[in-house]
Amino acid sequence: MSTPEAIQAKADGAAAWSAGNFSQAAEHFTTAINLGGDKEFLKVLHSNRSAAYLKLNRITEALKDGNKCVELDNNWVKGYARKGDALLASKQFTEAYNAYNAGSRIAPNDASMQEKMEQAMRAIRNASDQTSRASAGSSSPFAGVNVPPTPSADKYVQIAQTAVLVLAVLYMIPFLPSSYRTLSHKLCIGTFAAVSLYNLYLKYGFPKFTTEFAQKLVPDPLSMDLFLSVVLLMNKPYLTSMSPVLIKAFATFTPRILTYVREQLPAIQGQLEPLLAKYMPSMRGANLAQLANPSAAPEINKQLLRMAATMEAYHGIYLIFELIMPSRNLMQLYIYWQYLRLRYMVDSTGDLKLAFVGVDQRIQTVLAFRMVPDAVRKGYAMLQTYLAKQVEAPTGEAPAAGGGGGLGGMMSGLASKCSVM
């Protein structure tokens with residue numbers, strides 16, 4: 001039971017909140033917490049103090065109180081909302097989405113929680129877009145190189161990328177002997193690994209066995225491509241596992257494909273007009289040669305790399321479902337998910353985080369059907385909890401607030417929706 005002093009301190013905190021004195025409100029809520037009470041009373045106090053801390057831009061303390069709310073009652077929607085708000089303010093957008101999603105599963109009809117999930121999803125996409133724009137030139141195999149490539153090196157890399165595509169197609173031909181298809185798969189992945197290794201050499205030179213060099217090397221997407229290749233070479237051949245490699249190899253040809261299409265379109269645009277008028281009326285009369293502009297290659301490649309990340313996530317999910325099949329391989333599952341864990345934690349572009357959010361949304365849509373047994377939903381919830389813990393970073397200081405449309409604007413949006421009980 002709560003003492004009269006604790007109840008009074010809570011009321012004083014609510015009054016200070018209503019008056020806009022958030023610092024004093026946090027102090028009163030702290031006093032009430034220290035005086036103690038039952039779980040129902042304490043969870044509300046931690047929720048209120050979390051909201052007050054967020055108003056004061058004390059994001060780390062707000063997150064601690066949000067976590068405490070969930071700890072006290074993991075079936076309370078508002079606790080997940082407080083946790084998600086603090087995570088969103090600290091720019092941990094994917095973790096914020098996961099917190100809101102957990103709350104939404106408890107209250108599927110809560111419109112405010114759905115709105116918060118959409119806000120987190122927009123933040124994930126915006127962060128990924130900003131990262132992609134910052135590295136817009138990285139689609140070239142020699143972007144940001146420290147070792148100058150020669151024309152012959154460029155030629156050999158293009159040949160190797162072409163070989164990756166050809167070998168992938170050979171693997172997909174069903175009537176070839178299985179031994180030929182397996183060899184095509186191994187050669188495809190091995191060639192892609194060689195290209196990734198060579199591009200890393202061009203970018204960083206010979207490896208240096210120092211902490212600083214490792215800190216630069218490991219998060220690089222090229223390093224992740226090399227790690228993925230090594231993991232796939234150790235495992236059985238799958239079309240889903242080859243898909244990311246195939247998409248990334250295809251992305252290197254985007255500028256050339258657009259250039260070729262732009263050159264050829266004027267000659268055949270007259271023949272395409274009837275088809276456009278029938279099937280795509282909005283494109284009728286458009287100058288298709290201008291649409292096929294090589295300058296659009298970075299944007300197209302950004303979408304292709306997101307698609308590749310999505311295929312990586314789907315392959316990981318497939319390996320889990322394969323556990324119920326005779327072809328299951330526990331070691332293969334473990335190694336691949338260790339790769340995904342590393343890839344997720346150093347994902348500087350946000351592509352894999354965005355991919356897992358998309359995969360989760362699709363799975364949740366399927367699980368929403370009434371025919372799906374509750375045991376399946378509970379099993380997926382347990383899997384979500386386990387995977388979230390695997391990539392959970394140690395709690396530290398939250399990033400400083402930004403201005404404009406970034407964190408500053410987001411803080412304003414969160415503050416306008418905060419309330420205490």
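Atom set for the values below is all heavy atoms of this structure, side chains included, hydrogens, waters and symmetry mates excluded. Given the structure is predicted, the values throughout are model-derived calculations rather than measurements.
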Is [X] reaching over with its side chain to a backbone N or O of [Y], donor-acceptor style, under 3.5 angstrom?
{"X": "T310", "Y": "A355", "value": "no"}
{"X": "T182", "Y": "S179", "value": "no"}
{"X": "K186", "Y": "L233", "value": "yes"}
{"X": "N235", "Y": "V231", "value": "yes"}
{"X": "R362", "Y": "G358", "value": "yes"}

Exercise. Give a yes or no on whether a salt bridge exists between D65 and R82, defined as a side-chain N under 4.0 angstrom from a carboxylate O.
Key: no
Quiz prompt | Cationic N near anionic O, under 4.0 Å, K248 to E312 | solution =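 Looking at E312 together with K248, the answer is yes, because their closest N to O distance falls below 4.0 Å.
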Quiz item: Would you call the rings of H315 and Y318 parallel, tilted or perpendicular if under 30° counts as parallel and over 60° as perpendicular?
Solution: parallel
Quiz item: Should the ring pair W337 and F356 be called parallel, tilted or perpendicular, given that the plane angle runs from 0 to 90° and is split at 30 and 60?
Solution: tilted
Practice problem: Mind checking side chain to side chain contact (heavy atoms under 4.5 Å, CB included) for F250 and listing every partner two or more places apart, or none if nothing turns up? | Solution: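 F250 satisfies side chain to side chain contact (heavy atoms under 4.5 Å, CB included) with L165, I257, L304 once adjacent residues are dropped.
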Quiz prompt | cation_pi(K353, Y344) dist<6.0 Å, angle<=45 | solution = yes
Quiz prompt | Within-4.5 Å side-chain heavy-atom neighbours: Q114 and S104 | solution = yes
Quiz item: Once you round to the nearest 0.5 Å, how far does OG of S241 lie from NE2 of H185?
Solution: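 Those atoms lie 4.0 Å apart.
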Self-check item: Separation between OG of S196 and CG of L228, rounded to the nearest 0.5 Å
Solution: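 Reported value, rounded in 0.5 Å steps: 8.5 Å.
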Which side-chain N or O atoms in residues 364-380 pair as donor and acceptor under 3.5 Å with protein atoms at least two apart or in another chain?
residue, atom, partner, partner atom, Å
T365, OG1, Q361, O, 2.9
D374, OD1, R377, NH1, 2.7
R377, NE, L367, O, 2.6
R377, NH1, V372, O, 3.0
R377, NH2, L367, O, 3.1
R377, NH2, F369, O, 2.6
R377, NH2, V372, O, 3.3
Y380, OH, D360, OD1, 2.6

Practice problem: Run the ring-centre check on Y201 versus F206 and record whether the distance is less than 6.0 Å. | Solution: yes
Quiz item: Given Y100 and E115, is the side chain to side chain contact (heavy atoms under 4.5 Å, CB included) satisfied, shown in steps?
Solution: CA-CA 9 Å; Y100 294 144; E115 183 182 345; over 6 Å; no
